[in-house]
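A short worksheet on the structure shown next.
In each ligand, atom 1 is the first atom listed, and ligand 1 is the first ligand listed.
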Amino acid sequence: MEKYDIGLIGLGVMGQNLVLNMERNGYTIAVYNRTKSKTKMFIKDRGKEKYIKGFFSIKEFTENLKSPRKIFLMVKAGSGVDQVISNLEPFISSDDIIIDGGNSYFMDTNRRSIASRKKNYHFMGIGISGGEEGALKGPSMMPGGSKYGWETMQDILYTISAKAKQEPCCSYMGPDGAGHYVKMVHNGIEYADMQLIAESYFFLKKMLCLKSVELSEIFSNWQESELNSYLIQITGEILTSVDSKTGQPIIDLIYDRASQKGTGKWTSKNALELGVPTSIISESVQARFLSAMKNERVNASKILHGPLPHYSDNKNRLIETTRNALYAAKLCSYAQGFSLLKTASLQYDWDLNPELIASIWRNGCIIRAKALDRIIDAFQKNNKLDNLLVDPYFTFILDNNQDDWRYLVALAIENGIPIPAFSAALAYFDGYRSLELPANLIQAQREYFGAHGFERVDKEKNELHHHKFK
Ligand code: 6PG
C-alpha cells in the first residue's frame, strides 16, 4: 500500500488549511486528531476526494508515513505539544522529523529540541504566520531546529509558503528554538503595528469626529503610500464593514476589550530579560491589559475627568500629520524588534540573519509591509547595523516626520487621548538619539543609598568609583 508523504496532527482550522495547502501542492497527507469525530468530519467535508487519509490511532498513522517520517504538529502551544510528542516517540525512528508548527514558546522548543537529540530523532520548531488564510494559500514560515530536518523539509516548505518577488517567504532561521523566537518577535512587532494603527484611528475619530466610513477612506488612501501593509489594508476594510442585522458599522458594535494569547507578552518579557528596550511592544501589551479592565474603566470614567477633545484647524492637515507620525513610530517599532533579534542572536548563539528575516516577512505574514523592503536595503548596506534608526533612510524619515509626530503626541496629550505606543516610540527615539541622559543622577542616587559605585567621565570606563555625599 502506498504510504503518505507527510503526516499532520491537529485538525484545528490552521491544521486543516495547512493540509489542504500541502495537498494542493501535490503531496499526500495522513492526518490524525485526538477527537476522532473531527478527523471524520474533515475527511468527509473539506478533505473529500483529495489525497488525504484520516487515521484513528497514532500507531497506524505513523506506520502509514513514508520514511523518513515528516510529522507536523498543529496543536495548541503548551503541554498538549509535549503530550503528542510523547505519544509519537514509541513509533518513530532516528531519521524521522517532528515539526511543531504552532506558536510555541521558544524556550519550550529549545527544551524539546535538546530532548530529541537525546532520544535520537529530529525536531523542528516552525513559526508560521498568516492566520487561517495564510495557512491555506501560503504562509510566511520561520523554521528552526534540526539542520537535517530543514534539509529534508526544505522543498516542501518552499512549495507551500508565500512568495515575494518569486522567492519563498521561508528560510532556515537557526538551531533549536530560533524559528519560534523569530515568530515571537514577529508577533511583538504585530502588536506594536496594530496598536499604532488603533491609536491613529482613535485619535482621528476623536479629534475630527469622523464616522467609520470616513476613517475607512483615510486608511484606504494610506494604503497607497509608504504605509502600505496588510494591517492598513484590513483596517480600511474593517471600517467599511456593516453588521447585517443592525446596518451599523461593525466596528461600532465591537466591545473595546482586547484579548491576547501571550506572544506579545513573551516578547516583552524576553526583552526585559535581555536588557533590550522594546517599549512600543510593551506599551502595546499594556494597552490591551488596560482595555480589558472595562468594568473598572466604566466606573473610573464617571469619577476621573479630563479635557474634551476639540480641534478647529485644517482637517486634511491633521490627517497628513497622523500619517507621517504613524510611519515614523512604525519604523521605531521595527528598530526595537530588530534590535531585540540582534541581542538574542548573540545571547543564544543563533547567528540570526536580519536581512533574511525581513525578506521572509514580505509576504504571507501579518506584518507584511512595503517598509520591509527598506529594512532589507538597510541590512544589505550594513548587516552589522547597531540599530535601524541610524540607517540613512530611517534617519531621513525620522528627520522629516518628527515635527508631525511631536505635534500629534502633544495634541493627543493636551486633549486627553491615550496614545501610549506613539509616545513610547517618541521617547525611544529621543532617548536613543541623546548624547546625554539623566542616568548620571540615577548612578549618584544608587551610590548615595547603596554605595553601588559609578563610572567617571574623566576616568577609564568600567572602573567603579565612590563618593562620600555627607
Ligand atoms: C500570525 C498571528 C497569529 C495569531 C496571533 C494572535 O502571525 O499569523 O500572529 O499567530 O493570530 O497569535 O495573537 P493574539 O491572540 O495574542 O493577538
Side-chain angles (χ1 to χ4, degrees), residues 10 12-18 21 72-78 80-81 99-106 108-109 125-144 157 160-162 164 169-171 173 177-199 229-235 238 254-271 278 280-292 333-334 337 340-341 357-369 372 421:
V13 185
M14 286 294 284
Q16 289 188 15
N17 285 0
L18 209 61
N21 179 347
F72 266 99
L73 311 185
M74 293 301 290
V75 299
K76 194 167 171 259
V81 177
I99 306 137
D100 176 12
N103 261 341
S104 287
Y105 183 49
F106 79 99
D108 287 338
T109 308
I126 305 193
I128 301 183
S129 175
E132 295 172 4
E133 193 179 313
L136 185 65
K137 297 183 179 162
S140 167
M141 304 184 100
M142 295 147 249
L157 298 179
I160 64 170
S161 65
C169 292
C170 171
S171 198
M173 297 285 103
H180 274 143
Y181 187 87
V182 172
K183 173 62 176 32
M184 179 190 81
V185 177
H186 164 284
N187 278 32
I189 297 173
E190 173 184 302
Y191 272 55
D193 242 350
M194 292 167 73
Q195 179 65 25
L196 286 167
I197 291 173
E199 289 177 17
S229 65
Y230 170 72
L231 285 168
I232 292 281
Q233 177 213 318
I234 66 165
T235 304
I238 288 165
I254 298 177
Y255 208 42
D256 56 343
R257 196 157 74 170
S259 312
Q260 49 189 314
K261 296 207 193 78
T263 45
K265 191 168 72 181
W266 292 345
T267 314
S268 304
K269 275 170 81 172
N270 178 256
T278 56
I280 316 170
I281 298 170
S282 305
E283 281 299 342
S284 307
V285 176
Q286 307 269 7
R288 291 199 194 186
F289 288 149
L290 188 67
S291 78
S333 84
Y334 283 132
L340 179 59
L341 288 168
I357 294 171
S359 69
I360 65 167
W361 286 348
R362 279 177 304 167
N363 202 2
C365 67
I366 304 296
I367 65 166
R368 59 189 185 257
L372 286 160

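- Considering both main-chain and side-chain atoms, Ser259 never comes within under 3.5 Å of ligand 1 through any nitrogen or oxygen pair.
- Between the side chain of Asn17 and the backbone N or O of Glu132 there is at least one donor-acceptor pair closer than 3.5 Å.
- Glu190 pairs by the side chain to side chain donor-acceptor pair (under 3.5 Å) definition with nothing, not counting sequence neighbours.
- Distance alone, capped at 3.5 Å, is enough to place a donor-acceptor pair between the Glu199 side chain and the Ala421 backbone.
- At the shortest separation from atom 16 (O) of ligand 1 among protein heavy atoms lies Tyr191 OH, 2.4 Å.
- Taking every heavy atom of both residues into account, Ile189 and Trp361 meet most closely at CD1-CZ3, 3.8 Å.
- Taking the side chain to side chain donor-acceptor pair (under 3.5 Å) definition, one finds that Gln233 meets it with Glu237, sequence neighbours left out.
- Lys183 approaches Gly127 most closely through the heavy-atom pair CB-CA, 3.6 Å.
- A donor-acceptor pair is defined here as one N or O able to donate and one able to accept, closer than 3.5 Å; such a pair exists between the side chain of Ser291 and the backbone of Ala258.
- Ranking the protein heavy atoms by distance from atom 4 (C) of ligand 1 puts Asn103 ND2, 4.4 Å first.
- Taking a cut-off of under 4.0 Å to the non-hydrogen atoms of His186, the atoms of ligand 1 that pass are 7 (O).
- The protein atom (non-hydrogen) at minimum distance from atom 17 (O) of ligand 1 is Arg288 NH1, 2.8 Å.
- Residue Gly130 places a heavy atom less than 4.0 Å from ligand 1.
- Scanning the protein for heavy atoms near atom 7 (O) of ligand 1, the closest one is Ser129 OG, 2.5 Å.
- The distance from ligand 1 to the heavy atoms of Gly131 drops below 4.0 Å at these ligand atoms: 8 (O).
- In terms of protein heavy-atom proximity, atom 5 (C) of ligand 1 is closest to Asn187 ND2, 3.8 Å.
- The environment of CD in Glu133 is sparse: at most 12 heavy-atom neighbours from other residues, nucleotides or ligands sit within 6.0 Å.
- Nearest non-hydrogen protein atom to atom 9 (O) of ligand 1 is Glu190 OE1, 2.7 Å.
- Distance remark: protein heavy atom not present below 4.0 angstrom from atom 11 (O) of ligand 1.
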